[in-house]
Novice: 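I have a structure here, written as structure tokens, and I will follow up with some questions on it.
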Amino acid sequence: MELESNFIKTIMEEDLKNGKVSEIVTRFPPEPNAYLHIGHARAIITNFELAKIFNGKTNLRFDDTNPVKEDSSFVEAIKEDIKWLGYEPAQVLFGSDYFGQTYDLAVTLINKGLAYVCDLNQEEMREYRGTLTEAGKNSPYRNRSISENLQLFKEMRDGKFEDGEKTLRAKIDMASPNMNMRDPVIYRIIHIEHHNTGNKWCIYPMYDFAHPIQDSIEGVTHSLCSIEYDDHRILYDWVVEKCDMPHIPHQYEFGRLNITNTIMSKRYLKQLVESNLVKWYDDPRMPTLTGLRRRGYTRDSIKNFVLGTGLSRINSTVSSEMLETSIRNDLNYQVKRVNAVLNPLKVTITNYPENEIEWIDVEYSKDNEALGTRKIAFGRNVYIEKEDFLELKPNKKWKRLSLGIEVRLMHAYFIKCNEIVKDSEGNIVELLCTYDPITKSGSGFIDRKPNGNIHFVEATTSRKSVFNHFEPLMLDSDSKRDMVERLNPNSWKTLNGFVEIDLKDTYSLERFQFIRNGYYATDYDSKKELLVFNRICELRSSFK
RNA sequence: UGGGCUAUGGCCAAGUGGUUAAGGCAUCGGACUUUGACUCCGUGAUCCCAAGUUCAAAUCUUGGUAGCCCAGCCA
């Protein structure tokens, strides 16, 4: 799928056309403190695809300016997710690579009288900041001399002070209606080992100061971020200007992408994992990229989904059905269509010889012959789905098996149900049927029409399997309600059944259409003796 | 009268003064079918409201209304 027209693409076209920029350079700047989710995928895809269209380039830059929260374990996971999506960054960089230059630029600001060391503690600073409707007031430390500021900032760097004892603040305007401009902190003291720089630094720049500098150093032309940074842009531009950055990057904001029944906040995903409400970040129910991958989603389905939702400045909530449609469309043509019985009901073909198995050639997909064929087994003992049998045909629309009714076992023969075997509690445990040899599939038999076509697997050759079915983790998206209350108790359902013998050597993440059941992917935990499949999504159904 | 952003069918979204206002998802019909799948056909908008500018307005102006964001030494 192509990237549709959107406002950022239009801006880039104009910038290129009127010579404002000669090349498009974008960046994806994740903070290495969490696993990436499908919301990040929008940012990744947007940055890379936009640059690609204009033959530009995209860097991956880890935004690691806060060692309290960040960890190198996330660095590798994030790299892997981006690679999985099929993108290769022009460069892989770290914000911490620029700590030296960032420090020097802070000194530049001090020398210009545009930054000062402030002794206010956190609480005092909040009081001085004012409120949304009232102006703040100047810090008593605002007018320290340049030399004193220089000395103090150096001492901050040299570890003379405790965490929180002092900050470096930009001197802008405590009466600004934009809170971000009320002398924002640009450096703070944190005595913690950094995953990249170790103990070299004990002061770290804030995002608002570091980000524009990083963008400028890297020659980023279009710095894309989410809409809540809109009122940070004025500060972004201030930093670029006052630091006399030779290259001037520009920030553009776009809305966040939400999906119905899906909650994507880092805090929430972390809580799910730490409370053992899911197995891990790669749990197939998680909206993380690693979870979606394990579920069986393909990179193209994610890309097409994101591209299909478009891009605007609105925070949008897209129906999860759109994601499902995207994976169905991707898998429909390219995947093998095979038989699996998830809720087995034993069927004995009473007029078929015992100990005889018949092998039938069947194409994997009549829509894609290149997939080839395999042999399916047919014999005296088969399994069909429990839901494909009802003792009494309920209405004319019922296109499945009932007592005295004849249906086709797909790719094999017509069978007719003659007798029902029940246990002492009245549950149906077996069906006794007869088959008609002249109705064999492919024989051209047209004298009778069966009451529908159902799938089956031969009992003695099929492989025991576990099928994991998923529902949304949350029953609603009302973030005001407690998470545990909203949890869907049926988000993971396990079924035990059989797949046709052809799947005995399936490998992790191999994807199939199980005929009439849905799309599935082989789980990492699948073993030869017990195959495990995750349902990616159901087939569409107009059955009412 | 704190500041900022946004408003196009149920959900996304193109559209940049002249179009029958693209497209996708969903819905509802129908055709086809050895998957109740796929595929194919059909199906919906006085563009938040009001006034104005103009021969002509979703697009420009003014005034409303509604929603979202901002008071971390988080990003």
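Throughout, a chain's letter reflects where its sequence line sits, starting with A, and its residues are numbered from 1. Remember, it's a predicted structure, so these values are computed and weren't measured experimentally. Values reported hereafter were calculated over all heavy atoms of this structure, with side chains retained and with hydrogens, waters and symmetry mates removed.
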Novice: With C1' as the reference atom in both, quote the distance from B/rC55 to B/rC5 in angstrom, rounded to an integer.
Specialist: 36 Å

Novice: Look at the rings of A/His40 and A/Phe28 and say which category their plane angle falls in: under 30° parallel, 30 to 60° tilted, over 60° perpendicular.
Specialist: perpendicular

Novice: If you look only at pairs with a residue in residues 120-135 of chain A, which of them pass as a salt bridge (Lys or Arg N to Asp or Glu O under 4.0 Å), with sequence neighbours excluded?
Specialist: none

Novice: For the atom pair CG (A/Asp215) and CZ (A/Arg27), what is the distance rounded to the nearest 0.5 Å?
Specialist: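 Answer for the CG-CZ pair, A/Asp215 versus A/Arg27, is 5.0 Å.
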
Novice: In residues 159-176 of chain A, what residues come within less than 4.0 Å of RNA chain B, judged by heavy atoms?
Specialist: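 Result for residues 159-176 of chain A: A/Gly164, A/Thr167, sorted by number.
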
Novice: Dot-bracket notation for RNA chain B is requested: 5' to 3', Watson-Crick or G-U wobble pairs only, both distances under 3.5 Å, with ( ), [ ], | and . as defined.
Specialist: .(((((((.[[[..)..(....]]]..((((.......)))).....[[[[[..)....]]]]])))))).....

Novice: Looking at OH of A/Tyr187 and OG1 of A/Thr65, how far apart are the two atoms once the value is rounded to the nearest 0.5 Å?
Specialist: 9.5 Å

Novice: Using atom C1' in both nucleotides, what's the gap between B/rU6 and B/rC47 to the nearest angstrom?
Specialist: 15 Å

Novice: Got a sec, which residues hit side-chain contact (heavy atoms from CB on, under 4.5 Å) with A/Asp361, two or more places apart in sequence or on another chain?
Specialist: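 In terms of side-chain contact (heavy atoms from CB on, under 4.5 Å), with neighbours along the sequence ignored, A/Asp361 is linked to A/Thr373, A/Lys375.
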
Novice: Output all residues satisfying salt bridge (charged side-chain N to carboxylate O under 4.0 Å, His left out) with A/Lys79, sequence neighbours left out; order by chain, then residue number.
Specialist: A/Glu76

Novice: Anti or syn, where syn is a glycosidic angle within 90° of 0; which label fits B/rG72?
Specialist: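 Glycosidic conformation of B/rG72: syn.
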
Novice: Taking it one step at a time, do A/Ser326 and A/Asn304 satisfy side-chain hydrogen bond (donor to acceptor under 3.5 Å, both in side chains)?
Specialist: CA-CA 7 Å; A/Ser326 176; A/Asn304 289 338; 5.1 Å; no

Novice: What is the per-nucleotide protein-contact pattern of nucleotides 32-40 of chain B, from the 5' end, where B denotes a base atom under 4.0 Å from a protein heavy atom, S denotes such proximity for sugar-phosphate atoms only, and - denotes neither?
Specialist: --BBBBS--

Novice: Distances under 3.5 Å between protein N/O atoms and the N/O atoms of nucleotides 41-44 of chain B, please, pair by pair.
Specialist:
none

Novice: Within this structure, what is the CE-CG distance for the pair A/Met206 and A/Leu235, rounded to the nearest 0.5 Å?
Specialist: 10.0 Å

Novice: With RNA chain B as reference, determine whether A/Asn178 or A/Ile314 sits nearer its 5' end, using the nearest nucleotide of each.
Specialist: A/Asn178

Novice: Going by side-chain contact (heavy atoms from CB on, under 4.5 Å), name the residues that satisfy it together with A/Ala175, two or more places apart in sequence or in a different chain.
Specialist: A/Ala135, A/Asp173

Novice: Salt bridge (charged side-chain N to carboxylate O under 4.0 Å, His left out) for A/Glu387 and A/Arg516? Distances and angles first, verdict last.
Specialist: CA-CA 12 Å; A/Glu387 300 89 274; A/Arg516 301 208 304 138; over 6 Å; no

Novice: Do the rings of A/Phe467 and A/Phe533 sit parallel, tilted or perpendicular, given the 30° and 60° boundaries?
Specialist: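 Ring orientation, 0 to 90° scale: parallel.
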
Novice: Specify the residues of residues 227-239 of chain A, ordered by number, for which at least one heavy atom lies under 4.0 angstrom from an atom of RNA chain B.
Specialist: A/Ile227, A/Glu228, A/Tyr229, A/Asp230, A/Asp231, A/His232

Novice: If the P atom of B/rC70 is compared with that of B/rC11, how far apart are they to the nearest Å?
Specialist: 24 Å

Novice: Does A/Lys366 have any side-chain contact (heavy atoms from CB on, under 4.5 Å) partners at least two apart in sequence or in another chain, and if so, which?
Specialist: A/Glu363

Novice: Ignoring hydrogens and angles, state whether a donor on the side chain of A/Asn339 or A/His455 is under 3.5 Å from an acceptor on the partner side chain.
Specialist: no

Novice: Testing the 3.5 Å rule here: is there a donor-acceptor pair between the side chains of A/Ser73 and A/Asp71?
Specialist: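 There is such a pair (donor and acceptor under 3.5 Å, judged by atom type) between the side chains of A/Ser73 and A/Asp71.
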
Novice: Between the protein and nucleotides 15-18 of chain B, list every N/O to N/O distance that falls short of 3.5 Å.
Specialist:
unit_1 : atom_1 : unit_2 : atom_2 : d
B/rG15 : OP1    : A/Ser5 : OG     : 2.5

Novice: Is any side-chain N of the basic residue among A/Glu155 and A/Lys166 closer than 4.0 Å to the acidic one's carboxylate O?
Specialist: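 Salt bridge flag = no for A/Lys166 with A/Glu155.
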
Novice: Considering only B/rC12, B/rA71, B/rU6, which nucleotide approaches the side chain of A/Thr309 most closely?
Specialist: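 Between B/rC12, B/rA71, B/rU6, the one nearest the side chain of A/Thr309 would be B/rC12.
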
Novice: Under the salt bridge (Lys or Arg N to Asp or Glu O under 4.0 Å) definition, can you give me all pairs with a residue in residues 320-343 of chain A, not counting sequence neighbours?
Specialist: A/Glu324-A/Arg328, A/Arg337-A/Asp367

